[in-house]
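Here's the structure, in structure tokens; my notes come after.
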Protein chains: 2
Amino acid sequence: MTTAGPFAERGSARDIEEGPAFAPKLDDGGVMAAVATDADTGDVLMLAWMDAEALALTIETGQAHFYSRSRKRLWKKGEESGNVLEVVEMRTDCDQDAVWLKVRIAGAGAACHTGRKSCFYRQIPLRTGDLAGLQMQPVGGPPVFHPPAVYESKKGQ
Amino acid sequence: MTTAGPFAERGSARDIEEGPAFAPKLDDGGVMAAVATDADTGDVLMLAWMDAEALALTIETGQAHFYSRSRKRLWKKGEESGNVLEVVEMRTDCDQDAVWLKVRIAGAGAACHTGRKSCFYRQIPLRTGDLAGLQMQPVGGPPVFHPPAVYESKKGQ
């Protein structure tokens with residue numbers, strides 16, 4: 001566990017659960033989970049990760065920043081695609097190791113790199129034991145932009 | 001990365017993003033993030049973790065099961081408190097390393113161990129640079145049950 005640099009120090013369990021100070025708890029990899037929902041519909045748009053810098057930049061700017069665990073670097077959501085997430089409200093949970101962002105999407109209005117509004121575009125069947133043969137159903141409609149066109153046009157910029 | 005036991009094998013990037021097979025990706029700790037939202041209001045209720053067994057049991061039973069990273073064991077949400085999460089819909093995301101559960105809460109109707117409906121009961125101020133002095137605001141109303149009464153009455157059972 002890492003205490004996040006610029007933020008308040010972690011206090012007692014009661015401080016953490018009931019207090020007003022934001023004292024985030026990062027995991028061994030230096031990140032916490034961040035879930036973004038559509039401020040208007042409540043749909044979950046994406047789940048990503050924040051390190052201390054991403055948390056700080058999100059709070060300071062009101063635009064969602066994340067930390068890519070695969071690319072090992074900070075990224076501002078929408079920096080390539082234009083689909084910036086404007087944060088309407090930000091909350092933390094009881095033990096302060098996760099955040100919830102209610103957002104509005106700028107640009108083409110898609111949070112997913114596949115061009116869909118939400119990354120959660122497939123439904124998993126329930127109450128079945130055939131776990132290896134699960135057939136998911138598409139939900140949430142077709143892509144709102146064509147990803148290669150967006151990302152490739154930015155190359156070299 | 002671990003491929004989750006009873007599920008389909010991970011295929012190509014295109015299979016994973018566009019295919020119907022559920023082939024979850026677990027992290028180095030053998031878990032993925034799971035976000036539960038209220039099926040009626042869209043509010044985020046909690047963020048927790050699932051290993052392969054928790055995923056399997058959630059799909060098979062339609063009731064949310066998680067893996068506690070701190071206690072290092074499977075738990076059925078509500079096993080002590082009665083606040084079982086009945087899963088109305090379950091989705092995975094583009095790279096299949098997270099799930100979203102739309103749920104209805106049984107029992108007292110609280111997802112949080114503090115007795116509140118949602119674990120996300122404090123709002124973080126935005127567009128400020130005073131990161132060490134952030135004062136969060138309570139949101140979402142008072143607890144709907146008194147936690148010690150619920151959890152202590154179950155001791156020894």
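Everything numeric in this text was worked out from a predicted model, so none of it was measured. FYI, side chains are in, hydrogens and waters are out, and symmetry mates aren't considered; it's all heavy atoms of this structure. So you know, we letter chains A, B, ... as the sequences are listed, proteins then strands, and number each from 1.
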Does the side chain of [Y] come within less than 4.5 Å of [X]'s, by heavy atoms?
X      : Y      : value
B/V139 : A/R91  : yes
B/E17  : A/Y121 : yes
A/M90  : B/M136 : no
B/L126 : A/E89  : no
A/V44  : B/K102 : no
B/C94  : A/H113 : yes
A/R127 : B/I59  : no

Kindly give the heavy-atom pair with the smallest separation between [X] and [Y], and that separation in Å.
X      : Y      : result
A/V99  : B/F120 : C-CE2, 3.9 Å
B/R69  : A/D27  : NH1-OD2, 4.2 Å
B/L131 : A/F7   : O-CD2, 3.6 Å

Which distance, rounded to the nearest 0.5 Å, do you find between the [atom1] of [X] and the [atom2] of [Y]?
X      : Y      : atom1 : atom2 : answer
A/L134 : B/T92  : CG    : OG1   : 11.0 Å
A/S118 : B/D93  : OG    : CG    : 8.5 Å
B/I124 : A/W100 : CD1   : CH2   : 12.0 Å

Chain A heavy atoms under 4.5 Å from [X]: which part of the residue, side chain, backbone, both or neither?
X     : value
B/T61 : backbone
B/D43 : both
B/E18 : both

Of the backbone (N, CA, C, O) and the side chain (C-beta and beyond), which part of A/T58 lies under 4.5 Å from a heavy atom of chain B, both, or neither?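 Backbone of A/T58 only, per the 4.5 Å heavy-atom cut-off to chain B.
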Heavy-atom distances under 4.5 Å only: say whether A/P125 touches chain B with side chain, backbone, both or neither.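 For A/P125, the backbone is the part near chain B, not the side chain.
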